[in-house]
**Student:** 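Dumping the structure here so I can ask a few things about it.
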There are 2 protein chains.
Amino acid sequence: MVHRNTNAVRDAALRGAGFRVTPQRQAIIRVLETSDRPLSVEEIISRMKGYRSGVPTVYRNLQQFAEHGWVETLVGPDQIMRFVWCSTSKHHHHVQCEQCGRAVEVEGCALKRALEAMEAKSGFRITRHQLQLFGLCPECKGE
Amino acid sequence: MVHRNTNAVRDAALRGAGFRVTPQRQAIIRVLETSDRPLSVEEIISRMKGYRSGVPTVYRNLQQFAEHGWVETLVGPDQIMRFVWCSTSKHHHHVQCEQCGRAVEVEGCALKRALEAMEAKSGFRITRHQLQLFGLCPECKGE
DNA sequence: ATGTCAAATGGAAATGATTTTCAATAACGA
DNA sequence: TCGTTATTGAAAATCATTTCCATTTGACAT
């Protein structure tokens with residue numbers, strides 16, 4: 001029930017954005033939505049059940065999804081692109097656990113005041129920012 | 001006078017960190033110190049006066065400098081590594097102008113309060129963060 | 001000065017993630 | 001059902017970064 005409904009919502013979103021509904025796209029979204037951490041293309045493909053997309057297809061779709069604000073693309077020091085599904089299209093950030101790798105969204109953005117201070121200091125008008133947070137998740141910090 | 005003094009300071013810093021003083025290292029540092037924006041390895045090499053380093057040498061040194069906190073490595077969506085010289089080893093951020101590309105350091109970090117709010121929301125203990133700021137520099141926002 | 005030796009360099013080759021090409025396939029409106 | 005057009009994916013290309021390794025060089029001791 002829930003599952004079927006989720007799929008319907010997803011397909012409607014795809015169509016609404018002008019996408020055709022293909023099993024590849026569905027599979028990519030399904031994997032990202034159920035992942036608790038950012039995934040590389042390789043990881044996305046290996047986690048697909050029942051359907052295996054080609055590499056270029058996954059890259060292409062992720063790029064398109066990113067343009068729609070559905071996924072965020074993260075490039076760490078290892079130079080590998082990783083992708084997180086964004087449940088909200090509102091401005092938000094991700095915190096990732098340095099121990100277990102799990103990442104969660106932090107909705108909203110508490111940076112307003114800080115950005116104003118930095119604008120004053122630098123003389124720049126700050127129009128865009130990207131914040132990556134790392135730390136310990138509730139479980140990992142517990143021990 | 002000033003120039004000679006700057007060189008002496010730089011060489012002393014290199015020796016102090018256990019590096020040998022080579023013309024390549026001096027050239028890399030000189031280019032980064034006098035750049036008003038992050039540079040790729042290709043750009044660093046093409047800006048060297050009088051001395052041209054090999055590509056692997058530049059990468060190796062930049063990595064070492066980054067480990068010492070002398071440079072910050074930025075990887076943008078174009079997947080190319082760019083490097084900025086950090087005049088201070090204290091925590092700071094960089095704002096880059098989206099129009100002209102110029103980047104400046106914003107010393108200090110006004111995020112303390114914001115990070116506490118995000119810790120409360122997420123349940124994570126935030127230990128590290130990376131903030132990239134973009135906007136318009138004083139000149140470019142003027143028109 | 002000179003010798004010694006580990007650190008440093010750099011050309012060439014390797015690596016490997018991402019992108020391009022293009023022919024085949026499939027979604028979807030008519 | 002059919003035709004149009006987006007989408008897919010295997011293979012090849014791209015290209016920034018890294019590795020290899022033979023050669024050079026900085027720094028210290030003699």
Side-chain angles (χ1 to χ4, degrees), chain A residues 7-8 10-32 38-48 50-68 70-84, chain B residues 7-8 10-32 38-48 50-68 70-84:
Chain A
N7 289 343
R10 172 165 49 243
D11 295 353
L14 282 170
R15 290 209 179 80
F19 290 116
R20 287 185 183 175
V21 177
T22 65
Q24 292 86 344
R25 283 207 244 265
Q26 293 174 312
I28 294 166
I29 296 175
R30 203 178 310 122
V31 168
L32 281 180
L39 298 178
S40 67
V41 164
E42 184 188 11
E43 289 166 335
I44 291 171
I45 291 176
S46 72
R47 289 181 186 213
M48 288 180 176
Y51 206 99
R52 176 134 315 199
S53 296
V55 172
T57 297
V58 178
Y59 277 108
R60 268 187 308 243
N61 278 299
L62 288 168
Q63 188 175 318
Q64 292 171 321
F65 295 164
E67 284 162 8
H68 283 265
W70 297 349
V71 307
E72 189 171 335
T73 307
L74 305 171
V75 184
D78 65 358
Q79 290 279 100
I80 294 176
M81 289 175 146
R82 290 172 190 283
F83 305 86
V84 226
Chain B
N7 289 342
R10 173 165 46 245
D11 295 352
L14 282 170
R15 289 210 179 80
F19 289 116
R20 288 183 181 178
V21 177
T22 66
Q24 291 86 343
R25 284 207 244 262
Q26 293 174 310
I28 294 167
I29 295 175
R30 204 179 308 123
V31 168
L32 282 179
L39 298 178
S40 67
V41 164
E42 184 188 14
E43 289 166 334
I44 290 171
I45 290 176
S46 72
R47 289 181 187 213
M48 289 181 175
Y51 206 100
R52 177 133 317 198
S53 296
V55 172
T57 298
V58 178
Y59 277 107
R60 268 187 307 243
N61 278 299
L62 288 168
Q63 187 175 319
Q64 291 170 321
F65 295 163
E67 282 163 8
H68 284 263
W70 297 349
V71 307
E72 189 172 334
T73 307
L74 305 171
V75 184
D78 64 359
Q79 287 282 97
I80 293 176
M81 290 176 145
R82 291 172 188 283
F83 305 87
V84 228

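Proteins get letters first, then strands, A, B, ... in listed order; numbering begins at 1 in each. Here the structure is a predicted model, which means the values were calculated and not measured. All heavy atoms count here, side chains included; hydrogens, waters and symmetry mates do not.
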**Student:** Select base, sugar-phosphate, or nothing to describe what B:Arg25 touches, counting heavy atoms under 4.0 Å on all strands.
**Tutor:**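 The residue B:Arg25 makes sugar-phosphate contact but no base contact.
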**Student:** For B:Ser53, which contact category applies under a 4.0 Å heavy-atom criterion: base, sugar-phosphate, or nothing?
**Tutor:**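 If one applies the 4.0 Å heavy-atom cut-off, B:Ser53 turns out to touch the sugar-phosphate alone, with no base involved.
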**Student:** Please work out if B:Thr57 contacts a base, only the sugar-phosphate, or nothing of the nucleic acid, heavy-atom cut-off 4.0 Å.
**Tutor:**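 Base contact.
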**Student:** Who passes side-chain contact (heavy atoms from CB on, under 4.5 Å) against A:Ala66, sequence neighbours left out?
**Tutor:**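 Here the qualifying residues are A:Val71, A:Thr73.
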**Student:** Report the distance from atom CG of B:Leu32 to atom CZ of B:Arg47, rounding to the nearest 0.5 Å.
**Tutor:**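 Rounded to the nearest 0.5 Å, the CG-CZ separation comes out at 9.5 Å.
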**Student:** Roughly how far, to the nearest 0.5 Å, is CD1 of B:Ile28 from CG of B:Leu39?
**Tutor:**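 With rounding to 0.5 Å, CG (B:Leu39) is 12.0 Å from CD1 (B:Ile28).
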**Student:** Note the angle between the end axes of the helix from C:dA1-D:dT30 to C:dA30-D:dT1, five pairs defining each, rounded to 10 degrees.
**Tutor:**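 Computed from the C1' atoms at both ends, the axes differ by 40°.
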**Student:** Is there a residue in residues 71-82 of chain A whose heavy atoms reach under 4.0 Å of DNA chain C, and which residues are they?
**Tutor:**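 Here the set is A:Ile80, A:Met81.
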**Student:** Is A:Val21 touching bases, backbone alone, or none of the nucleic acid, heavy atoms closer than 4.0 Å?
**Tutor:**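 Sugar-phosphate, no base atom in range.
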**Student:** Does B:Val41 or A:Gly54 map to a spot on DNA chain D nearer the 5' end, using the closest nucleotide for each?
**Tutor:**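 Nearest nucleotide further toward 5': that of A:Gly54.
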**Student:** Answer yes or no: is there a side-chain heavy-atom contact under 4.5 Å between B:Ile44 and B:Leu62?
**Tutor:**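 The answer is yes, as the side chains (C-beta and beyond) meet within the 4.5 Å cut-off.
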**Student:** Holding to side-chain contact (heavy atoms from CB on, under 4.5 Å), I want the full list of residues that pass it with B:Val21, two or more places apart in sequence or in another chain.
**Tutor:**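 For B:Val21 the side-chain contact (heavy atoms from CB on, under 4.5 Å) partners, ignoring immediate neighbours, are B:Asp11, B:Leu14, B:Arg15, B:Gln26.
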**Student:** Applying ring pair (Phe, Tyr, Trp, His ring centres under 6.0 Å), can you list everything that pairs with A:Phe19, at least two apart in sequence or on another chain?
**Tutor:**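 Listed in chain order: A:Phe65, A:His68, A:Trp70.
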**Student:** List in chain and number order the residues that pass side-chain contact (heavy atoms from CB on, under 4.5 Å) with A:Ser40, two or more places apart in sequence or in another chain; answer none if no residue qualifies.
**Tutor:**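 If we apply the side-chain contact (heavy atoms from CB on, under 4.5 Å) test to A:Ser40, skipping adjacent residues, the hits are A:Glu42, A:Glu43, A:Ile80, A:Arg82.
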**Student:** Tell me the closest heavy-atom pair linking A:Pro77 and B:Met81, and the distance in Å.
**Tutor:**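 Minimum heavy-atom separation between A:Pro77 and B:Met81: O-CE, 4.4 Å.
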**Student:** Anything under 4.0 Å to a heavy atom of chain A counts; send over the first and last such nucleotide of DNA chain C, read 5' to 3'.
**Tutor:**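 For DNA chain C, the relevant span reads C:dA17 to C:dC28.
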**Student:** Over all heavy atoms of both residues, which pair between B:Leu74 and B:Pro38 is shortest? Give the atoms and the distance, please.
**Tutor:**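 Between these two residues, the closest heavy atoms are CD1-CG, 3.9 Å.
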**Student:** With sequence neighbours excluded, what pairs up with A:Gln63 under the side-chain contact (heavy atoms from CB on, under 4.5 Å) test?
**Tutor:**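 side-chain contact (heavy atoms from CB on, under 4.5 Å) list for A:Gln63, sorted by chain: A:Glu67.
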**Student:** Please list, one pair per line, the donor and acceptor atoms closer than 3.5 Å that link side chains of residues 51-59 of chain B to other protein atoms, with sequence neighbours excluded.
**Tutor:**
from, atom 1, to, atom 2, distance (Å)
B:Tyr51, OH, B:Gln24, NE2, 3.0
B:Thr57, OG1, B:Arg60, NH2, 3.4

**Student:** Under 4.0 Å from any heavy atom of chain A: name the first and the last nucleotide of DNA chain D that qualifies, 5' to 3'.
**Tutor:**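 The footprint of chain A covers D:dT5 to D:dT17.
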**Student:** Between B:Arg20 and B:Val58, name the one whose nearest nucleotide on DNA chain C is closer to the 5' end.
**Tutor:**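 Nearest nucleotide further toward 5': that of B:Arg20.
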**Student:** What is the minimum heavy-atom distance between B:Arg20 and B:Arg25, and which atoms define it?
**Tutor:**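 Minimum heavy-atom contact is O-NE, 2.9 Å.
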